[in-house]
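Heads up: the structure comes next, in structure tokens.
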Amino acid sequence: MSLNNRKLQYSLAANEAFHQMMEEDESVFLIGQGVKSPWYVGNTARGLLERFGPDRVIDTPVSENAVTGAAVGAAMAGMRSVVVHPRMDFMMYALDPIINQAANWYYMNGGKLSVPIVFWGIINRGGEQAAQHSQALHVILGHIPGLKVVMPSTPYDAKGLMISAIKDDNPVVYIDDRWLHGDEGIVPEEIYEVPIGKAAIRKKGDDVTLVAISFIMRYALEAATELAKENIKVEVIDLRTIKPLDKDLVLESVKKTGRLAVADPGWKTYGMAAEISAFVFEEAFDSLKAPFVRVTLPDLPAPASSALEKLYYPTTKDIVQAIRGMVNR
Amino acid sequence: MKKYSKAFLRQLYRTMLRIRVCEESLVAPILNGDVRCPVHLCSGEEAVAAGVCAALDDTDCVFGNHRSHGHFVAKGGRIDALVAEIYGKETGCSRGRGGSMHLIDPEKGMMGAAPIVAGTISLAVGAALASHIRREKRVSVSFFGDGATNEGVLFECMNLAALKKLPIIFVCENNFYATHMPVAECRPDCDIADIAKPFNIPNVRVDGNNVLEVFETAKEAVAACRDGSGPFFIEAMTYRLRGHVGPDDKIQGAHTDIRPQEEIDMWKKKDPVINFERCLLDDGMLNESDVSAIKKEIDQEVREAHVFANNSPYPAESELSVYVFK
Ligand SMILES: Cc1ncc(C[n+]2csc(CCOP(=O)(O)OP(=O)(O)O)c2C)c(N)n1
Ligand SMILES: [Mg+2]
């Protein structure tokens with residue numbers, strides 16, 4: 001097997017990014033709950049404490065606000081911080097340092113001091129965990145000027161985007177989904193970057209542009225395969241970064257297909273799908289053949305009961321039906 | 001012991017045993033997959049919930065956390081509604097929308113539970129504030145773990161409550177661990193009760209496995225709150241006999257419990273339910289046949305709760321979105 005065809009799990013791809021970046025750059029450190037144990041972050045932190053020691057791999061008390069603020073301050077003072085929140089829900093205590101402070105610091109101080117930090121949040125949905133243990137809150141952060149937000153869906157991107165996020169001189173929110181952690185894919189061994197702000201076409205097609213992200217990419221690809229049997233050719237775009245948006249790639253595709261569908265693991269109202277629809281409307285109006293469709297969570301908190309959970313989370317079937325309806329209208 | 005009525009002691013014992021039997025009844029359904037939501041069992045910690053709630057009236061408020069089965073039952077919640085909730089059924093106390101971590105019975109003063117660590121402490125302060133504004137004598141209780149003492153909001157809450165003399169009892173259930181972190185890795189000083197001192201809040205550390213000691217302290221705290229000299233802080237030292245989540249702590253199959261076996265064994269000897277039962281027998285407050293009658297009755301209650309839960313319907317698909325707004 002050549003070096004560049006090595007297969008690795010998603011969680012271990014992110015883990016390799018930490019190993020390599022912490023080795024390469026002594027200012028990189030990881031702080032947050034569970035980094036010394038697989039309890040919260042699975043394999044993503046494997047071997048880091050043993051290799052880099054407790055000064056640079058810092059497991060913390062349950063103090064999200066202080067820990068995140070400290071990571072921000074350390075970044076201002078010359079470190080490259082990675083602060084992990086093993087569930088995005090827990091990150092809500094840390095919104096002040098993320099939004100008020102880190103996101104604004106560079107601008108409101110006239111470009112004098114930037115904040116090279118990665119806010120790493122894990123979505124951990126399903127499993128009857130209910131409303132406070134499942135939220136996909138990427139859009140809240142994507143709304144904030146001064147934050148970049150990435151959401152890798154493949155092991156290759158998990159590593160490459162983490163490296164880019166760490167190397168970036170600005171605050172980057174890196175969001176993964178626990179449901180992706182076991183996925184396997186090709187991950188080169190060397191250090192490489194996946195550029196922030198660049199989407200990727202995962203499947204070519206002429207009839208419909210389907211933009212998806214993070215875990216829901218799996219369903220998007222399944223839906224495209226399903227629809228191909230009906231001779232509906234779907235172009236599947238993995239957005240990878242929700243801010244800044246890769247408008248060019250999406251527009252180019254929509255200008256070809258004339259139809260846009262967006263699948264977002266978040267809620268519908270004021271969501272990512274709404275934003276993508278809006279810029280396509282603004283910038284590709286003349287190419288459109290059909291109204292947009294959005295496949296999202298309904299605007300409700302996550303229910304616990306499996307009977308309701310199965311309705312709550314969108315599936316491949318929902319995407320197939322939405323696109324079929326759009327094409328056959 | 002003699003100063004209590006037999007009826008009171010029996011009730012206290014029943015409450016603890018009902019919690020224990022209910023908790024243990026969930027182990028098999030968790031392991032065989034019938035229960036799918038995350039369940040944080042409180043076996044071993046029953047005396048805190050039972051002792052504190054025995055000092056409260058139905059009109060007093062309780063707010064819980066992720067490990068609140070005991071708080072719910074001790075405050076008067078029905079076991080069948082609890083079990084049905086854990087199974088995700090419409091007949092559950094939160095109509096299957098919340099699962100094990102969201103337990104509520106407002107009529108009994110159980111105002112809710114939520115797993116964001118320290119997330120309900122300020123809500124309990126708010127219930128005390130409402131009582132204060134309306135000059136009621138209602139007391140509010142916030143149950144939280146040692147882990148929650150690492151969140152800043154607790155300190156803001158203690159300050160606010162002390163400043164406004166709010167009728168709230170902060171009850172810290174110190175079981176020495178917050179998931180994978182021993183308390184000594186979270187705090188430079190492990191005397192949690194002391195954190196109330198800078199706010200001039202009376203604070204007492206109790207043996208949380210001794211239900212009468214918990215009750216006496218809670219009674220004192222309730223009295224202080226009722227006559228306008230709240231808040232009060234109780235640190236109850238206790239231990240969970242089960243995993244952080246689920247029956248044990250098998251993390252990804254790789255680890256078992258991170259707690260030393262000797263420590264677990266030591267705490268097993270301090271089992272609050274067994275020890276209280278022994279005291280009651282020794283002091284002649286109950287006899288063997290009382291105990292077996294109580295056990296039989298509770299076993300039946302819990303068995304019927306599972307039957308009830310199993311026979312109950314799941315929430316209707318058409319009602320996915322009914323409780324977003326009132
Ligand atoms: C804000 C927040 N951060 C992290 C978690 C993850 N978490 C769940 S339980 C727990 C430990 C709580 O420990 P403690 O308060 O001592 O309660 P115990 O589980 O010991 O009863 C943590 C950190 C969470 N639920 N909420
Ligand atoms: Mg604890």
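Throughout, protein chains are lettered first and strands after them, A, B, ... in sequence-line order, and every chain is numbered starting at 1. Values reported hereafter were calculated over all heavy atoms of this structure, with side chains retained and with hydrogens, waters and symmetry mates removed.
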(message) Between Glu128(A) and Arg97(B), does any NZ, NE, NH1 or NH2 come within less than 4.0 Å of an OD or OE carboxylate oxygen?
(response) no

(message) With a strict 4.5 Å heavy-atom criterion, list every residue of residues 312-326 of chain B that contacts chain A, or say none.
(response) Tyr314(B), Pro315(B), Ala316(B), Glu317(B), Leu320(B), Ser321(B), Val324(B)

(message) I'd like to check Met101(B) versus Gln132(A) (side-chain heavy atoms, cut-off strictly below 4.5 Å). Are they in contact?
(response) no

(message) Working to the nearest 0.5 angstrom, can you tell me the gap between Glu90(B) CD and Leu308(A) CG?
(response) 8.0 Å

(message) Which heavy atom of His180(B) sits nearest to which heavy atom of Gly34(A), and what is that distance?
(response) NE2-CA, 3.5 Å

(message) Donor-acceptor pair, distance only, cut-off 3.5 Å: does the side chain of Ser63(A) make one with the backbone of Glu151(B)?
(response) no

(request) Select one option (side chain, backbone, both, neither) describing which atoms of Glu309(A) are under 4.5 Å from chain B's heavy atoms. (result) neither

(request) With a 4.5 angstrom heavy-atom cut-off, could you sort out which part of Val183(B) is near chain A: side chain, backbone, both or neither? (result) neither

(message) For the residue pair Thr179(B) / Tyr40(A), report whether a side-chain donor-acceptor contact shorter than 3.5 Å exists.
(response) yes

(request) Select one option (side chain, backbone, both, neither) describing which atoms of Asp59(A) are under 4.5 Å from chain B's heavy atoms. (result) both

(request) Looking only at non-hydrogen atoms, find the nearest pair between Arg36(B) and Ser306(A) and report the distance. (result) NH2-OG, 3.2 Å

(request) For Arg125(A), look at atom CZ and say whether over 12 heavy atoms of other residues, nucleotides or ligands are found less than 6.0 Å away. (result) yes

(message) I'd like to know if the side chain of Tyr93(A) reaches the main chain of Gly119(B), judged simply by a donor and an acceptor atom lying under 3.5 Å from each other, with no hydrogens or angles considered.
(response) yes

(message) Just verifying a value: how many Å separate Ser305(A) OG and Lys89(B) NZ, rounded to the nearest 0.5 Å?
(response) 8.5 Å

(message) Using only non-hydrogen atoms and a strict under-4.5 angstrom cutoff, which residues of residues 26-35 of chain B touch chain A?
(response) none

(message) Counting heavy-atom pairs under 4.5 Å with chain A, which one of Gly99(B), Ser100(B), Ala178(B), Gly98(B) comes out on top?
(response) Gly98(B)

(message) Take a 6.0 Å sphere around CZ of Arg56(A) and say whether it holds more than 12 heavy atoms from other residues, nucleotides or ligands.
(response) yes

(request) Over all heavy atoms of both residues, which pair between Pro61(A) and Cys186(B) is shortest? Give the atoms and the distance, please. (result) CG-O, 3.6 Å

